[in-house]
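Values below: every heavy atom of this structure, side chains too, minus hydrogens, waters and symmetry copies. Numbered from 1 within each chain, the chains take letters A, B, ... in sequence-line order. Since the model is a prediction, treat every value here as computed from it, not as a measurement.
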There are 2 protein chains.
Amino acid sequence: MPAHGTRNLIIEKADTLFYEGGFAATSFADIAAAVGISRGNFYHHFKSKDEILNAVISRRLKRTRKMLDDWQAGGAQPRDRILSFIHMLITNRIKIMAFGCPVGTLCSELAKLDHEAQHRAAEIFGLFRDWLAGQFRALGIDAQAEARAMHLLVWSQGVAALSNAFHDEAFIQREVAGITQWLDSVIVDQNNQKEHICS
Amino acid sequence: MPAHGTRNLIIEKADTLFYEGGFAATSFADIAAAVGISRGNFYHHFKSKDEILNAVISRRLKRTRKMLDDWQAGGAQPRDRILSFIHMLITNRIKIMAFGCPVGTLCSELAKLDHEAQHRAAEIFGLFRDWLAGQFRALGIDAQAEARAMHLLVWSQGVAALSNAFHDEAFIQREVAGITQWLDSVIVDQNNQKEHICS
DNA sequence: ATCAGGCTAGGTCACTTGTCCTAATTCGTC
DNA sequence: GACGAATTAGGACAAGTGACCTAGCCTGAT
């Protein structure tokens, strides 16, 4: 296997292990075992554990950007695009109940470790926030676009945290229904307001 | 100092360190340094690190119960009692921005470690949920009481997670205002519904 | 076919971890 | 003041950590 492939495999396995077990609790031995290479061999690919973390964050940023671009490229309406975001809670519900949200839990762990990479990790939230705000602007919601986007982030993070604590799948379903209802009420309000201005 | 005092001091310092640095990342050496005793001396008070964790969770459960009891004992209206809960976000905003919510981050870490104490930690959430549901019932909201309580937990957890990631104090203020507005709208709806039934 | 470079395995390093032990000290009670 | 129990300090222990090294293996370009 070319080095390029091994390097990517290390990043991929580390990503999963950092998510499922936490960054600090994941050792080189764990990653080596998952990849199937020897421990000492790591330093040919990465100088330190922090460098792996940075590569993992870069990978997550890249994949998040790609996912958002894909959602953007599809011919869907802004409402359905936003629903794509919300439905991640259902798609990933098993992992979320077991390990929480990958973004939120990484940010919180890095904050506690006072790790310099914490701001880069938070950029993933920034990607979602900006993309969601763009959807709300596409719906004609300008002034409140960012606040609405943050509200969706807040809501989904809360659902992830509590479904992780309570391990309750039905709760996720109910909350997603609630978020969808809220979204539609926001859209209806916006349409009513537009009507009001036009009339 | 009596053993009882030392034991409590260990629990207290461990509580803070587990919150600010995480459970796994906090070593006996850290706790010993914070308490001002020698490392080896620990096993006279606690058999293992897990036993300290259990004691810390017990302490948090006890203190949470006491706080909720105090809020309950005051002559305040249910609305103001609920606001006491919400305003923890503002009171503790500095620590929340730095370390997240003590309950949420502990639950998430223990879930990743697959630690047996994770369910006991989640009981703290349970205390808040049940108490908040009680307040909503006191407002005449019966069927939806628990859903409303969970919504408050979700919202506050989301605010804690995102203010931790973005380190944005103004965001907390805006969200608390939003939560208060939502609470009042829930109360108004309930009163309107009551009127409707009576008339 | 050769040979240089990328790649790997396995070991070593100093250090920290949770756990445990023992000898000494303190303290309340008589 | 003396005794016994509670408490303490300071180490020792094996295991595991991130980091590093070196000797060899493969592979692809010449």
Side-chain angles (χ1 to χ4, degrees), chain A residues 1-58 106 109-110 112-118 120-121, chain B residues 1-58 106 109-110 112-118 120-121:
Chain A
M1 181 181 304
H4 178 253
T6 303
R7 190 189 149 90
N8 279 346
L9 198 59
I10 291 174
I11 298 173
E12 186 189 318
K13 295 294 185 184
D15 192 344
T16 305
L17 289 168
F18 287 174
Y19 172 37
E20 300 185 355
F23 168 67
T26 300
S27 71
F28 277 84
D30 296 330
I31 306 176
V35 177
I37 61 171
S38 91
R39 263 168 296 125
N41 189 12
F42 265 96
Y43 287 78
H44 197 264
H45 300 282
F46 297 96
K47 205 174 60 192
S48 69
K49 199 182 175 186
D50 287 348
E51 211 169 89
I52 299 185
L53 175 61
N54 265 310
V56 165
I57 294 175
S58 295
L106 181 63
E109 181 179 5
L110 295 183
K112 277 188 202 294
L113 297 176
D114 200 19
H115 198 289
E116 56 181 3
Q118 65 181 297
R120 256 169 60 75
Chain B
M1 181 181 305
H4 179 252
T6 302
R7 191 188 148 90
N8 280 346
L9 198 59
I10 291 174
I11 298 173
E12 186 188 318
K13 296 293 185 183
D15 192 344
T16 305
L17 289 168
F18 288 175
Y19 172 38
E20 300 185 356
F23 168 68
T26 299
S27 70
F28 277 83
D30 295 330
I31 305 175
V35 176
I37 60 171
S38 90
R39 259 172 304 128
N41 189 14
F42 265 95
Y43 285 77
H44 196 266
H45 300 282
F46 298 97
K47 204 176 58 191
S48 69
K49 199 183 176 186
D50 287 348
E51 210 169 87
I52 300 186
L53 174 62
N54 264 312
V56 166
I57 294 175
S58 294
L106 181 64
E109 181 179 5
L110 295 184
K112 278 189 202 293
L113 298 176
D114 200 19
H115 198 290
E116 58 181 1
Q118 65 181 298
R120 254 170 61 75

Distance below 4.0 Å between [X] side-chain N/O and [N] OP1 or OP2:
{"X": "B:S27", "N": "C:dT17", "result": "yes"}
{"X": "B:Y43", "N": "C:dT19", "result": "yes"}
{"X": "A:H44", "N": "D:dC21", "result": "no"}
{"X": "B:N41", "N": "D:dA9", "result": "yes"}
{"X": "A:T6", "N": "C:dT8", "result": "yes"}

Roughly how many Å is it from [atom1] in [X] to [atom2] in [N], rounded to a whole number?
{"X": "B:I37", "N": "D:dG11", "atom1": "CD1", "atom2": "P", "value": "16 Å"}
{"X": "A:F18", "N": "D:dG18", "atom1": "CZ", "atom2": "P", "value": "9 Å"}
{"X": "B:I31", "N": "C:dT19", "atom1": "CD1", "atom2": "C1'", "value": "14 Å"}
{"X": "B:F46", "N": "C:dG18", "atom1": "CZ", "atom2": "P", "value": "15 Å"}
{"X": "B:D50", "N": "C:dG18", "atom1": "CG", "atom2": "P", "value": "11 Å"}
{"X": "B:K47", "N": "C:dC21", "atom1": "NZ", "atom2": "C1'", "value": "17 Å"}

*First encountered from the 5' end of DNA chain D, between A:A25 and B:G36*: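 Nearer the 5' end of the strand: B:G36.
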*Taking for each residue the nucleotide of DNA chain D with the nearest heavy atom, is it A:A29 or A:G40 whose nucleotide lies nearer the 5' end?*
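The residue closer to the strand's 5' end, by nearest nucleotide, is A:A29.
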_is_close_aromatic(B:Y43, B:F28), centroid dist under 6.0 Å_ =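 Yes, ring centres under 6.0 Å apart.
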*Any donor-acceptor N/O pair, B:K13 side chain to B:G36 backbone, under 3.5 Å*: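 No: the side chain of B:K13 does not pair with the backbone of B:G36.
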_Donor-acceptor contact below 3.5 Å, side chain A:D30 vs main chain A:S27_ =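 At least one qualifying donor-acceptor pair exists.
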*Any idea which of D:dT8, D:dA9, C:dT12 is nearest the B:H45 side chain?*
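Nearest to the side chain of B:H45 among the choices is D:dT8.
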*asked:* Nearest to the side chain of A:F28, heavy atoms from C-beta on, is which of C:dT19, C:dT8, D:dG18?
replied: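 Out of C:dT19, C:dT8, D:dG18, the nucleotide with an atom closest to A:F28's side chain is D:dG18.
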*Residues in side-chain hydrogen bond (donor to acceptor under 3.5 Å, both in side chains) contact with A:D50, at least two apart in sequence or another chain*: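 A:D50 satisfies side-chain hydrogen bond (donor to acceptor under 3.5 Å, both in side chains) with A:H115 only.
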*Check whether any side-chain heavy atom of B:R7 sits under 4.5 Å from a side-chain heavy atom of B:F46, and report yes or no.*
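They are in side-chain contact.
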